[in-house]
Every structure is written in structure tokens, then in C-alpha cells.
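Just so you know, these numbers use all the heavy atoms, side chains as well, and skip hydrogens, waters and symmetry mates.
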Amino acid sequence: MQTAPTRDNAALPAASGSNVRLAFVLVTSLFFLWGLSYGLLDVLNKHFQESLHISRARSGLLQMAYFGAYFLMALPAAWLMQRRGYKFGILFGLLLFATGALLFIPATALLDFNVFLFALFVIACGAACLETAANPYVTVLGDPANGARRLNFAQSFNGLASFIGPLIGGALFFKGSSGQAAQAGFSGVQGTYVVIAAVVVALGVLIARTPMPDVREADASGSTGHDGSLWSNRHFSGAVIAQFFYVAAQVGVNAYFINYVTEQVGVSSQAGAFLLSMPMLCFVAGRFAGTAVMGKFGPVRLLTWYALISIALALAVVAGFGWLSVAALVAISFFMSIMFPTIFALGVEGLGAQTKRGASFIVMAVVGGAIAPPIMGWIADRSGTHIAYLVPVACFVVVAWYGRVAASRA
């Protein structure tokens, strides 16, 4: 599979092999960073429901602010990197990320839900820059034939951070639901994000001081893998659609996980937050396992089968069979694990000079994560959380369709 311009490898010898390897390590650390922020997001959803006394529909605005930022920032980030390179885009993203994390200081002082929304929006703007840079950059740091596997490997660390996030949130955010206990929980929120800001600043300094391969010339000159309109490439346009619905499913599945388990099996919200680490652990395992299995079965076949299995599991969640359905909800994450990087790699395959622009549109499709949670929250407020999981069922149907479309090209 070719996931980048054919001349990208020709652009890399100017940098030493050790620089390429170090660049890959540093960029992979970015996947961990935004995975942690996402892992904390779903815990914040339930925490704010209890401590700020908001409905499930309104708490879904957290995901809307977070993933809406991706829609707004992806194209500007691509434009910035086309002119200044991947490294500049990464540093700019880290600056926004740290700024948003530090905004949690005034947010926790005011205990204003809208200020929290703004802080998360700024963090997500930074994450959008990082994703727009890191996903295509990883695909060109090495043999193009292994781009999808390399991206799945890097994304595995995103899943690892998503597993750690709920453990941190469960331990620090749920110290009570009112009065001084609630304030103690918000102190944990503030401390967590201040530490994240410090780590982001340190990582930014390290990246700024490290020589990294600049592959802009590879995208900007010569022939390309696709000379016509970007949107006339049905595999790219299909990837944008599939990514929209995949992210909608992923975010929706996890956004109301704590609500689901507290309703189905009667555990506390803190216990639900700790349980949320289980699907995240499955997500990590799925990423590493998928990276290995993909070499044998191919990304397209794996994507299609995983989508079909996810549909069956999501229907079991809708059925509401107590712990059995909770187990199905956990298992979905294993099969979702390879979807984002696989769709991304298939979508940018052969785009040539339009790779950065195409990547930005696929990242913009992450806005699906802004749409699904409010819809699911509205359904959950009226019909129960289990019924709301019909939304991910419909989303996985679209992903399975894209797998069939991609198979026609294979």
C-alpha cells in the first residue's frame, strides 16, 4: 500500500537515519498526549453532570466543543504546515494545547461550565494541529508500503494514553458531588491539567531543539499520484465520510459509558470511571494486535470485518442485558481500534502533492465526534442510555460500507 507521495523517501536521506528514528519517537509521543486529553474528556462528562448539575444532553457539549475544534482548525493547520513545515505545525499545536490546559486554572476558580468548554476548545485546537501534522508525517517517515502499519503502531500509544486517562480521572475527579467535596474534585481537575501543561511545554522545548526531517519538498514538486480534483477520488471522499461516522461512533460509545454502566449494573460513578479504563485497554490491545494481524490479512479486510463485529456488539448494548451488555460495550473498543488510522491511511493513499490537504479534510471529519454525543444525550434523557447506542450502530454500518468500497480498489 502506498500511503504517501512516491518521492517522500527520496526526501529523507538528507537527514540521518538516527534523525528519522528520533523524529518518529517524538511524533509518536504526541499521539500519547492527545490520547490522554481524550481519555480524560469522557470522565469530565460525567463529573460535570454531577458537580455542575447539568443534563446528559448539555454535558455532550464537551465533546461538541472538543471535536468541533478539529473541524475549524484542520484546514488552517494544513495551510500553516504547507508553508512552514510539519515541525512548525507541531510546535504551534503544542502551544495551543498548553494554553488550553492552563485555562483550567480560571475555569476551576469560577466553576463555570462555559469556561471549561472554552478551555477544552483551545486544547482541541492544539490537538487538531498535532493530528493534522502527526498522522501524515508518520506515514512518510519510512517505507510508504508500511505507512498504514506504522500509523497503527503510533496510534497504539494514543490508545495507551486513553486507557490511563480514566484511571487518573476516576482517582482525582470523583471526590464528592457537592460542597467542599465537589471543590476537592475540581482541585484534582485543575492539578491534572496544570501537570499536562508542564509536560507539553517540556516536550515542545525538546522538539524545538531536535533536527527533524522536512518533507515539504516531497509534496510540493513533481508528479503526483492523483492529478485530478481531490474530491473526484472516491476512495478519498469515502474516507472522509467513513471517518466522520467512525469518530461519531467512537466518541459516542465512550461519552456515555459511565452513564450506561451506572444504569445497567448499579455501580458508582467513580467505579464507572475506573471501568472506563477497560475499553481503553481493549483499544490499546486492539491497536497492537491489529498492527500485527494487518500484515497477514490486509487493512481493508480487517476494517470491514471489525466494523461488522462492532455492529453486532453495539446491538447487544442496545438490548440492555446488564453485565453481558457492559462486556459487549467494552469489547467494541477492541474492534474500533484500527479504524481511524486505517481509514486515514487508505484515504491519503496516492494523493501526492495533495496529501497535506487531503489529510486536513480527513482530520476535519473528526467533527463527527461533536455531533453524536449531543444527539445521544438527547435520546438518553428521553428513552434511556441503552437506546442512545443505536447511533453508533448506524455509524458502524457506514464504516463497513467504506470497507467494501476500499476493497474494490485492492
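Between Pro279 and Phe257 the shortest side-chain heavy-atom distance falls below 4.5 Å. Using a 4.5 Å cut-off on side-chain heavy atoms (C-beta onward), Leu203 and Phe97 make no contact. Contact annotation: the side chain of Trp401 never approaches that of Phe396 to less than 4.5 Å [non-hydrogen atoms, C-beta and beyond]. With a 4.5 Å cut-off on side-chain heavy atoms, Ile196 and Phe104 do not count as touching. By the 4.5 Å heavy-atom criterion applied to side chains, Asn45 and Leu41 are not counted as neighbours. At least one side-chain heavy atom of Leu61 sits less than 4.5 Å from a side-chain heavy atom of Leu117. You'll find the side chain of Leu62 reaches within 4.5 Å of the side chain of Leu120, heavy atoms only. You'll find the side chain of Leu96 reaches within 4.5 Å of the side chain of Cys129, heavy atoms only.
Taking CZ of Phe245 as the reference point, atom CD1 of Ile371 lies at 10.5 Å (rounded to 0.5 Å). Put simply, CE on Met339 and OG on Ser310 are 3.5 Å apart, with the number rounded to the nearest 0.5 Å. Note: Thr28 OG1 to Leu33 CG = 12.5 Å, rounded to the nearest 0.5 Å. From Tyr193, atom OH reaches atom OG of Ser37 across 7.0 Å, with rounding to the nearest 0.5 Å. Taking CG of Asn254 as the start and CG of Asp42 as the end, the distance is 5.0 Å to the nearest 0.5 Å. Separating the CZ atom in Phe116 from the CG atom in Leu52 is a distance of 6.5 Å, to the nearest 0.5 Å.
Annotation: Tyr86 is in aromatic contact with Tyr137 [ring centroid separation under 6.0 Å]. In this structure, His53 has its ring center no closer than 6.0 Å to that of Phe48. Between Phe297 and Trp305, the distance separating the two ring centers is not shorter than 6.0 angstrom.
Although no hydrogens or angles enter the test, the distance criterion places no donor-acceptor pair under 3.5 Å between the side chain of Lys46 and the main chain of Gly272. With hydrogens and angles ignored, the 3.5 Å screen pairs no side-chain donor or acceptor of Ser277 with any backbone N or O of Ala273. Looking at Gln243, its side chain never comes within 3.5 Å of a backbone N or O of Ile362 through a donor-acceptor pair. One N or O on the side chain of Ser162 and one on the backbone of Gly35 form a donor-acceptor pair closer than 3.5 Å.
Pairs passing the side-chain hydrogen bond (donor to acceptor under 3.5 Å, both in side chains) check and including a residue from residues 380-397, sequence neighbours excluded, read Arg56-Asp381, Arg56-Thr385, Glu263-Thr385. Listed by first and then second residue, the salt bridge (charged side-chain N to carboxylate O under 4.0 Å, His left out) pairs that reach into residues 29-41 come to none, sequence neighbours excluded. Residue pairs meeting the salt bridge (charged side-chain N to carboxylate O under 4.0 Å, His left out) criterion with at least one partner in residues 192-203, sequence neighbours excluded, are absent.
Remark: Phe92 CZ is loosely packed, at most 12 non-hydrogen atoms of other residues, nucleotides or ligands lying under 6.0 Å away. Sparse packing is recorded around CE of Met278, with 12 or fewer heavy atoms of other residues, nucleotides or ligands lying under 6.0 Å away. Heavy atoms from other residues, nucleotides or ligands lying under 6.0 Å from CZ of Phe113 number more than 12. Enclosure of atom CZ in Phe71 is not indicated, since only 12 or fewer non-hydrogen atoms of other residues, nucleotides or ligands lie within 6.0 angstrom.
Counted by atom type alone, Glu50 and Ser269 present one or more donor-acceptor pairs between their side chains at under 3.5 Å.
Ring geometry for Tyr306 against Phe334 counts as tilted: the plane angle lies between 30° and 60°, on a 0 to 90° scale. Relative ring orientation between Phe118 and Phe121 is described as parallel, the plane-to-plane angle staying below 30° on a 0-90° scale split at 30° and 60°.
Val284 is linked by a side chain to side chain contact (heavy atoms under 4.5 Å, CB included) to Leu160, Phe163, Phe288, counting only residues two or more places apart in sequence or in another chain. Residues meeting the side chain to side chain contact (heavy atoms under 4.5 Å, CB included) test with Ile309, sequence neighbours left out: Leu313, Phe335.
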From CA spacing to verdict: side chain to side chain contact (heavy atoms under 4.5 Å, CB included), Leu26, Thr210: CA-CA 9 Å; Leu26 290 175; Thr210 301; 3.7 Å; yes
Test side chain to side chain contact (heavy atoms under 4.5 Å, CB included) applied to Thr262 and Ser268, step by step: CA-CA 6 Å; Thr262 55; Ser268 68; over 6 Å; no
Intermediate values then yes/no, side chain to side chain contact (heavy atoms under 4.5 Å, CB included), Tyr402 and Leu346: CA-CA 10 Å; Tyr402 179 66; Leu346 291 171; 3.6 Å; yes
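The two residues Gly369 and Pro373 make their nearest non-hydrogen contact at O-CD, 3.0 Å.
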Pairs of donor and acceptor atoms involving the side chains of residues 315-327, under 3.5 Å and at least two apart or interchain, shall be tabulated with distances.
| unit_1 | atom_1 | unit_2 | atom_2 | d |
| --- | --- | --- | --- | --- |
| Ser325 | OG | Ala316 | O | 2.8 |
| Ser325 | OG | Phe321 | N | 2.6 |

